[in-house]
Amino acid sequence: MYTIRFARFTAGALLSLLVACGGEKAGTTADSTGVKKMRVALLTPGPISDKSWNGIAHEGLLAIRDSLGAETSHIQTRTPAEFDENFRQYGAQGYDLVIGNGFEYQEAATRVAPSYPKTNYAITSGRVTAPNVAGIAFAFEEASYQAGMIAGTMTKTNKIGLIAGTELPPVKTSFLAFERGAKSVNAKVSVITSYIGNWEDVSAGKEQALAQIAQGADIIFQNADAAGLGVFQAAREKKILAFGTNADQNSVAPDVIIASVVIDLPKAFLMLAREVQAGTFKGRVINLGVKDDVVRLVVNPTLRDRVPAAAIAASDSVGVLLKAGTFTGLADLLHGTDSAKPLPPAK
């Protein structure tokens, strides 16, 4: 981690700073044949050590480097002011693609992108667009619904906890989808929802989980990045169950995680980077979900025997419909990041 506010730097000094913060060597801008390398940067709102949202995004950046031979850079931002500043600095340095990993980067991309038309910007969990800006909207709700079905079947107290870092629209819709999935198989389910206030405080994540467990929750669905590691600690101590999110977290706490709702950011990032490399990138909203094999539910093999076969079968049957694009139970929630214009309820 680091704490810094950008002032006035020369291009060379700033590049050195970015390398130091991101832990990746920028290297040359051309390969051995003299062909210019694609340059790709990633901004994350939290540490890449979170084994979740930011860690899997960094894996995506490394996949671009290794698969496409790109020059890459990463920096963790601390404040909204740094969103704009880093977008501008990467644009001024001529980067081909800059990815802001999270809904919160949308406004900064909209402000900065027009000044750097040769740099393409992409925002995960976003829906803003411009000629050189793409939003990547993940249908996280789809696999969250499937996870909810399993939770609704397995809960013994009929109380399920939901814990997130902050109250972002895509998080709220995934929670609604999870609750809906749980109640589709168990009408007695009630949920307890808590927001930690940040995505990094492991101790606060544990405290929130312990509070929910004290209220009777015996399964917790968390979407809290690094703070989610504290949820797993509490689950282990109190012998309850939990779900992983974003990355496949099954191996992080294999004794308590039933399954993980996974977003394959490396696959999504490579799809995007290949467009940039080929010169075919167009600003638009890119919707990716179960049918694209970018969002998926991964059951933890260590605990699979504890999950009722009927629960897995029911979840899988919904997965088949999602892949076919014929499941209508989430029509009012999908792509819910555009909270200003919600879709009408499904009939």
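The basis for the numbers below is simple: all heavy atoms, side chains too, and nothing from hydrogens, waters or symmetry mates.
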| note | For Ile123 and Gln106, the nearest pair of non-hydrogen atoms, with its separation, is CG2-CG, 3.8 Å
| query | Hey, are the side chains of Phe140 and Ser125 touching, using non-hydrogen atoms and a 4.5 Å cut-off? | reply | no
| query | Where is the tightest heavy-atom contact between Arg180 and Leu330, given as atom of each residue plus distance? | reply | NH1-CA, 4.2 Å
| Contacts of Asp293 that satisfy side chain to side chain donor-acceptor pair (under 3.5 Å) - sequence neighbours left out | Arg296
| remark: Taken to the nearest 0.5 Å, the spacing of Asn120 CG from Leu97 CG works out to 6.5 Å
| query | Atom CH2 of Trp53 and atom CD1 of Ile48: how far apart are they, to the nearest 0.5 Å? | reply | 15.0 Å
| Joint cluster assignment, Ile286 & Leu270, ILVMFWY side-chain distance < 4.5 Å | yes
| Under the 3.5 angstrom rule, does the side chain of Asp225 hit a backbone N or O of Ala227 as a donor-acceptor pair? | no
| Electrostatic pair Lys206-Asp201, nearest N-O below 4.0 angstrom | no
| query | Given side chains that start at C-beta, do those of Phe269 and Leu62 come closer than 4.5 Å, heavy atoms only? | reply | no
Please table the atom pairs, donor to acceptor, closer than 3.5 Å between any side-chain atom in residues 214-223 and protein atoms at least two apart or in another chain.
unit_1: Gln215; atom_1: NE2; unit_2: Ala211; atom_2: O; d: 3.4
unit_1: Asp218; atom_1: OD1; unit_2: Thr155; atom_2: OG1; d: 2.7
unit_1: Asp218; atom_1: OD1; unit_2: Thr157; atom_2: OG1; d: 3.2
unit_1: Asp218; atom_1: OD2; unit_2: Thr155; atom_2: OG1; d: 3.4
unit_1: Asp218; atom_1: OD2; unit_2: Lys156; atom_2: N; d: 2.7
unit_1: Asp218; atom_1: OD2; unit_2: Thr157; atom_2: N; d: 3.2
unit_1: Gln222; atom_1: OE1; unit_2: Ala224; atom_2: N; d: 3.2
unit_1: Gln222; atom_1: NE2; unit_2: Phe243; atom_2: O; d: 3.1
unit_1: Gln222; atom_1: NE2; unit_2: Thr245; atom_2: OG1; d: 3.4
unit_1: Gln222; atom_1: NE2; unit_2: Gln249; atom_2: OE1; d: 3.1
unit_1: Asn223; atom_1: OD1; unit_2: Asn246; atom_2: ND2; d: 3.1

| said: side-chain contact (heavy atoms from CB on, under 4.5 Å), that's the test. Do Glu107 and Val128 meet it? Break it down for me. | reply: CA-CA 8 Å; Glu107 292 184 4; Val128 292; over 6 Å; no
| message | Treating Arg274 as the side-chain partner and Leu272 as the backbone partner, does any N or O pair qualify as donor plus acceptor under 3.5 Å? | response | no
| said: Please tell me whether Arg127 and Asn287 have a donor and an acceptor in their side chains that are separated by less than 3.5 angstrom. | reply: yes
| task | Using the test side chain to side chain donor-acceptor pair (under 3.5 Å), find all partners of Tyr121 that sit at least two apart in sequence or belong to another chain. | result | none
| query | For Ala164, what residues pass the side-chain contact (heavy atoms from CB on, under 4.5 Å) criterion, not counting sequence neighbours? | reply | Val171, Phe175, Tyr195
| What's the shortest heavy-atom distance between Ile150 and Ala311, and which atoms? | CG1-O, 4.2 Å
| For the atom pair OG (Ser317) and CE (Met149), what is the distance rounded to the nearest 0.5 Å? | 5.5 Å
| request: Return the set of residues passing side chain to side chain donor-acceptor pair (under 3.5 Å) with Asn186 (not counting sequence neighbours), or none when no residue passes. | output: Asn158
| Hey, are the side chains of Ile64 and Ser67 touching, using non-hydrogen atoms and a 4.5 Å cut-off? | no
| task | Scan side-chain atoms only and decide if Gln146 and Glu142 contain a donor-acceptor pair under the 3.5 Å cut-off. | result | no
| Is there a side-chain contact between Thr302 and Asp255, using heavy atoms and a 4.5 Å cut-off? | no
| field | Side-chain heavy-atom pair Pro254, Asn300 within 4.5 angstrom cut-off | value | yes
| Thr72 vs Leu42 side-chain heavy atoms within contact, under 4.5 Å | no
| request: Ignoring hydrogens and angles, state whether a donor on the side chain of Thr119 or Tyr90 is under 3.5 Å from an acceptor on the partner side chain. | output: no
| Do other residues, nucleotides or ligands put more than 12 heavy atoms under 6.0 Å from Arg304 CZ? | no
| query | When rounded to the nearest 0.5 angstrom, what is the spacing between CD1 in Ile312 and OG1 in Thr153? | reply | 10.0 Å
| task | Could you pull out the closest heavy-atom pair between Ala134 and Phe281, with the gap in Å? | result | CB-CZ, 3.7 Å
| How about Trp199 and Leu168: do any of their side-chain heavy atoms sit closer than 4.5 Å? | yes
| query | Does Val262 sit in a hydrophobic cluster with other residues, and if so which ones, taking ILVMFWY side chains as linked at heavy-atom separations under 4.5 Å, directly or through other members? | reply | Val298
| request: Return yes if a side-chain donor-acceptor contact under 3.5 Å exists between Thr124 and Tyr105, otherwise no. | output: no
| note | Nearest heavy-atom approach of Ser260 to Ile257 is OG-CG2, 4.1 Å
| query | Measuring from Ile192:CD1 to Leu162:CG, what's the distance to the nearest 0.5 Å? | reply | 9.0 Å
| message | The test is side-chain contact (heavy atoms from CB on, under 4.5 Å); show your working for Gln233 and Val202 and say whether it passes. | response | CA-CA 9 Å; Gln233 292 174 7; Val202 177; 3.8 Å; yes
| With the threshold set at 4.0 Å, does a side-chain nitrogen-carboxylate oxygen contact exist between Glu59 and Lys267? | no
| request: Show the numbers, then the answer: is there a side-chain contact (heavy atoms from CB on, under 4.5 Å) between Thr166 and Asn198? | output: CA-CA 6 Å; Thr166 58; Asn198 68 80; 5.5 Å; no
| message | Under a 3.5 Å cutoff, is there a donor and acceptor pairing between the side chains of Thr44 and Gln76? | response | no
| request: Provide the closest heavy-atom pair for Asp84 versus Ala108 in the form atom of the first, atom of the second, distance. | output: OD1-CB, 3.4 Å
| task | For the residue pair Pro266 and Asp264, establish whether any side-chain heavy-atom pair is separated by less than 4.5 Å. | result | yes
| request: For Leu265 and Phe138, run side-chain contact (heavy atoms from CB on, under 4.5 Å): C-alpha distance rounded to whole Å, both residues' side-chain angles, the deciding distance at 0.1 Å, then the answer. | output: CA-CA 10 Å; Leu265 286 180; Phe138 299 109; 3.4 Å; yes
| said: I'd like to know whether Lys37 forms a salt bridge (Lys or Arg N to Asp or Glu O under 4.0 Å) with Glu71, so could you lay out the CA-CA distance, the side-chain angles of the two residues, the decisive distance to 0.1 Å, and finally the verdict. | reply: CA-CA 6 Å; Lys37 283 188 175 183; Glu71 173 189 327; over 6 Å; no
| said: Please determine whether salt bridge (Lys or Arg N to Asp or Glu O under 4.0 Å) holds for the pair Glu200 and Arg78, giving the CA-CA distance in whole Å, both sets of side-chain angles, and the decisive distance to 0.1 Å. | reply: CA-CA 11 Å; Glu200 300 178 30; Arg78 291 287 190 178; 3.5 Å; yes
| Going through the distances and angles, do Glu141 and Thr173 end up as a side chain to side chain donor-acceptor pair (under 3.5 Å)? | CA-CA 7 Å; Glu141 301 89 347; Thr173 55; 2.9 Å; yes
| request: To the nearest 0.5 Å, tell me how far Leu333 CG sits from Ser174 OG. | output: 9.5 Å
| said: Is it the case that the side chain of Asn132 and the backbone of Tyr116 share a donor-acceptor pair, with hydrogens and angles ignored and the cut-off at 3.5 Å? | reply: yes
| said: Before you tell me yes or no, could you show the steps for Lys36 and Asp96 under salt bridge (Lys or Arg N to Asp or Glu O under 4.0 Å), namely the whole-Å CA-CA distance, both residues' side-chain angles and the distance that decides it to 0.1 Å? | reply: CA-CA 11 Å; Lys36 181 181 179 296; Asp96 300 287; 3.5 Å; yes
